[in-house]
Amino acid sequence: MNASEYRVPVTAEDRLRAGLAIHMVAARTGVQPEQMTARGRADTGVSRARWLAMYLAHISFGWPLERVAHVFGLNRSTASTACRWVEEARDAQPVDQLLTQLEACLHSVVEAPRQELPR
């Protein structure tokens with residue numbers, strides 16, 4: 001196997017959590033999840049929304065940047081740039097408040113006990 005064939009495994013749980021971050025950002029920004037997950041270049045608003053979701057995954061789930069990159073289908077450098085941009089954007093109070101709210105919501109959903117559904 002050469003280096004170009006190497007893929008870090010991404011679990012179904014990873015995809016579920018990333019999807020949760022994406023949908024929460026979508027609900028608060030109005031950017032559609034399909035836009036954030038589409039391949040290719042996105043406009044500035046869509047890119048920034050995707051960056052917020054990546055940052056939330058990094059911070060809320062404690063994922064290293066390499067894992068964030070693989071789950072979002074990007075390279076580590078892109079994930080690093082996105083998280084750095086969001087960290088700098090947190091200096092603005094509205095962005096910081098938004099991220100604080102989304103982080104709290106993500107934690108409450110992910111840390112709650114799993115619920116068995118009746119059959």
Side-chain angles (χ1 to χ4, degrees):
M1 178 186 301
N2 65 35
S4 66
E5 294 173 357
Y6 174 74
R7 301 296 275 167
V8 171
V10 175
T11 67
E13 183 74 17
D14 290 344
R15 290 189 199 289
L16 184 65
R17 287 181 177 219
L20 180 60
I22 288 167
H23 280 81
M24 291 179 73
V25 169
R28 290 296 307 274
T29 64
V31 175
Q32 295 301 307
E34 298 78 23
Q35 292 175 289
M36 285 187 258
T37 57
R39 295 283 174 219
R41 259 202 179 324
D43 69 32
T44 303
V46 172
S47 292
R48 289 183 178 174
R50 180 173 43 209
W51 294 351
L52 290 174
M54 292 166 62
Y55 177 82
L56 284 170
H58 175 56
I59 298 302
S60 298
F61 307 141
W63 289 352
L65 291 173
E66 183 175 37
R67 186 173 181 183
V68 171
H70 286 292
V71 172
F72 281 81
L74 304 166
N75 63 50
R76 188 190 180 288
S77 175
T78 302
S80 177
T81 299
C83 290
R84 191 171 40 254
W85 176 86
V86 175
E87 196 62 49
E88 290 173 8
R90 276 197 105 148
D91 290 341
Q93 188 175 7
V95 175
D96 187 56
Q97 288 175 339
L98 171 65
L99 288 166
T100 299
Q101 293 166 358
L102 290 174
E103 286 175 49
C105 191
L106 274 174
H107 281 291
S108 70
V109 170
V110 172
E111 293 172 3
R114 292 203 186 254
Q115 181 66 47
E116 289 288 326
L117 298 176
R119 294 181 187 246

Checklist line | Residue pairs fulfilling side chain to side chain donor-acceptor pair (under 3.5 Å) with at least one residue in residues 22-38, sequence neighbours excluded | finding: R28-Q101

Margin query: Applying salt bridge (Lys or Arg N to Asp or Glu O under 4.0 Å), can you list everything that pairs with R15, at least two apart in sequence or on another chain?
Written below: none

Checklist line | Contacts of type salt bridge (Lys or Arg N to Asp or Glu O under 4.0 Å), residue E103, not counting sequence neighbours | finding: R90

Item checked: side-chain contact (heavy atoms from CB on, under 4.5 Å) evaluation trace for L74 with M54 -> CA-CA 10 Å; L74 304 166; M54 292 166 62; 3.7 Å; yes

Notebook entry, point to check: Under 3.5 Å, is there a donor-acceptor pair between the side chain of S80 and the main chain of R76?
Noted result: no

Margin query: Restricting to side chain to side chain contact (heavy atoms under 4.5 Å, CB included), what partner residues turn up for C83, sequence neighbours left out?
Written below: Y55, H58, L65

Notebook entry, point to check: Tell me, do R67 and F61 make a side-chain contact under 4.5 Å, heavy atoms counted?
Noted result: no

Margin query: If the condition is side chain to side chain donor-acceptor pair (under 3.5 Å), which residues does T11 pass it with, not counting sequence neighbours?
Written below: D14

Notebook entry, point to check: Considering only heavy atoms from C-beta outward, does the side chain of L20 approach that of L106 to under 4.5 Å?
Noted result: yes

Check: Do L102 and L52 have side-chain heavy atoms sitting under 4.5 Å apart?
Finding: no

Check: For L56 and A21, which heavy atoms make the closest approach, and how far apart are they?
Finding: CB-CB, 4.4 Å

Check: Looking at S47 and A42, what are the two nearest heavy atoms and their distance?
Finding: OG-O, 3.5 Å

Donor-acceptor contacts under 3.5 Å from residues 110-119 side chains, at least two apart:
from, atom 1, to, atom 2, distance (Å)
E111, OE2, H107, ND1, 2.9
R114, NH2, E13, OE1, 3.1
R114, NH2, E13, OE2, 3.4

Next item on the list: Evaluate the side-chain proximity of F72 to I22: yes if any heavy-atom separation is below 4.5 Å, no if none is.
Entry: yes

